[in-house]
There are 2 protein chains.
Amino acid sequence: MAKRETTKDKILNAAEALFAEHGFEQTSLRQITAEADVNLASVNYHFGSKKALIQAVMARYLEVLMPALNAEFDQLEPRAQFSTRDVFDCFREPLNALKKVRKGGPTIFLSLLGFAYADIQGHLRRYTMEHFGEVMHRLLALLHVANPNLSPADMFWRLHFVLGASVFAQVSGPALREIAAADFGESIAADQVVDRLIPFLAGGVDAPTA
Amino acid sequence: MAKRETTKDKILNAAEALFAEHGFEQTSLRQITAEADVNLASVNYHFGSKKALIQAVMARYLEVLMPALNAEFDQLEPRAQFSTRDVFDCFREPLNALKKVRKGGPTIFLSLLGFAYADIQGHLRRYTMEHFGEVMHRLLALLHVANPNLSPADMFWRLHFVLGASVFAQVSGPALREIAAADFGESIAADQVVDRLIPFLAGGVDAPTA
DNA sequence: GCATATTTTAAACATGCGTTTTAATTTAAA
DNA sequence: TTTAAATTAAAACGCATGTTTAAAATATGC
């Protein structure tokens, strides 16, 4: 028999949901503790600070994603030839694995990542970069192999355009899906956004310069 | 002889600079009035509220950009054939015209737009969309002509990926330029970022689906 | 030049935030 | 059961924000 949900977990779960919907700064500890039905002070008791809570929320996903992503890269790296598309497809499985963390995990995580990345000069940017720095470098190297014609500087910028498109697509995803549903009469699942995103990104990276 | 800079303008200019650098929410009225060297209460006296001030800052640019952009579209629309690249190139001149508002106007405006877009559920999103709604629809229609093979839903999403990449490139532009300068020993002007962006966007939009 | 309207100023207000404190309570170990 | 540790609870703290007030200063129109 599983122990009843602990206070710490109640906080993490409530925080995660609110963060993914409204962002980190826009979510107050009072909202979180009300949603989690725990005392306000328990956040600082269990996590020490709001910053630490945010990082704890991210950590649950990063611990699953990072090994999986590196494994995919390990598999691709030794190959003599691969395409830009092959590189981006490396993200599919690791992202999908986040379903193990939670139903809707992939979407939730990408939203969190988006808010972290959008938080331009906060501690989150640094925290995220620390955890993604290695991935970014491997990604740059792999993309360079797939596109030897592009200069490192060009590839640098394109990689960041890629990040921008991905991140904002997720952050504004819910709002956009509403509009899409209204305009086109079809509701679009979050997974399908990634499916639509990857060809776009590959096309952008593979585009001729100038 | 021009009258000495009025309080209202001092506020607008200081606010614009701070907003473009740190975002709307992250900039306080006290920072703005200190920078402008005016009294704190004068913001509410002249503009009524912070929200109204933000909109006034945006308005100075939108009033220049919108007519120019619609003029470009008017020119392209009757043509029998045009490419995705042609559509995106419509933005070059209108953006460039923002230099009339201020030195560095194009970059400043795109930063402001980026923060407005990133502010997901604030009033800014609605305000921006109200002013860009028509442009968005024209843009969608034009892109559909340039890419008749893409379904409206696909094009809708790709347009938003385009927005995400653009917005992000501007918001995190300064930080990225620093990194790029350090890594590649080349300093990149803001205008050149747009030059790098447009081929990427066109490549993404033109990419095959699936 | 005076009366009136406009603008500037300093101070305070109300609110919400993350955090801290201190005491009560529950849990676990001896 | 008793004692010690861990957790929960309520309240307050200190701070920053946007906004409002009311008096002082300035500019405007007759």
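Below, read A as the first sequence line, B as the second, and so on, with proteins coming before strands; counting in each chain starts at 1.
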* So, is T7(A) close to the dT8(D) phosphate, meaning a side-chain N or O under 4.0 Å from OP1 or OP2? -> yes
* **Between dT15(C) (C1') and Q31(A) (CD): distance, integer Å** => 15 Å
* Asked: Of all the nucleotides listed (dT19(D), dT20(D), dA10(D)), which has the minimum atom distance to the side chain of A41(B)?
  -> dT20(D)
* Any N or O donor-acceptor pair linking the side chain of R30(A) to the base of dG16(C) at under 3.5 Å? -> no
* Under 4.0 Å between a Lys/Arg side-chain N and an Asp/Glu carboxylate O for R102(B) and E16(B)? -> yes
* **5'-most by nearest nucleotide on DNA chain C - N44(A) or D37(B)** => D37(B)
* Heavy-atom side-chain proximity of L53(A) to I32(A) below 4.5 angstrom -> yes
* Asked: Base, sugar-phosphate alone, or nothing: which one does T27(A) contact when heavy atoms must sit under 4.0 Å apart?
  -> sugar-phosphate
* Can you tell if the side chain of F91(A) reaches within under 4.5 Å of the side chain of L139(A), non-hydrogen atoms only? -> yes
* Could you state the NZ-P distance from K8(A) to dT7(D), rounded to the nearest angstrom? -> 9 Å
* Interatomic distance where OH belongs to Y45(A) and P belongs to dA24(C) [whole Å] -> 18 Å
* **Atom pair distance, as rounded to whole Å: CZ in F47(B) and P in dT20(D)** => 16 Å
* To do: Starting at atom CG of L40(A), determine the distance to atom C1' of dA12(D), rounded to an integer number of angstrom.
  => 12 Å
* Structure fact -> Here the distance between atom C1' of dT19(D) and atom NZ of K51(B), to the nearest Å, is 14 Å
* dT6(C) phosphate, OP1 or OP2: any side-chain N/O from H46(B) under 4.0 angstrom? -> no
* Among dT8(C), dT20(C), dT19(C), find the nucleotide with the atom closest to the side chain of N39(B). => dT8(C)
* Asked: Quick one: H22(A) NE2 to dG16(C) P, roughly how many Å, whole number?
  -> 16 Å
* To do: Round to a whole Å and report the spacing from CG of L18(A) to P of dC17(C).
  => 12 Å
* Side chains of E35(A) and N13(A): do they bring a donor and an acceptor to under 3.5 Å? -> no
* Any side-chain heavy atom of E134(B) sitting closer than 4.5 Å to one from N70(B)? -> yes
* Asked: Across the strands shown, which category fits S28(B) at heavy-atom distances under 4.0 angstrom: base, sugar-phosphate, nothing?
  -> sugar-phosphate
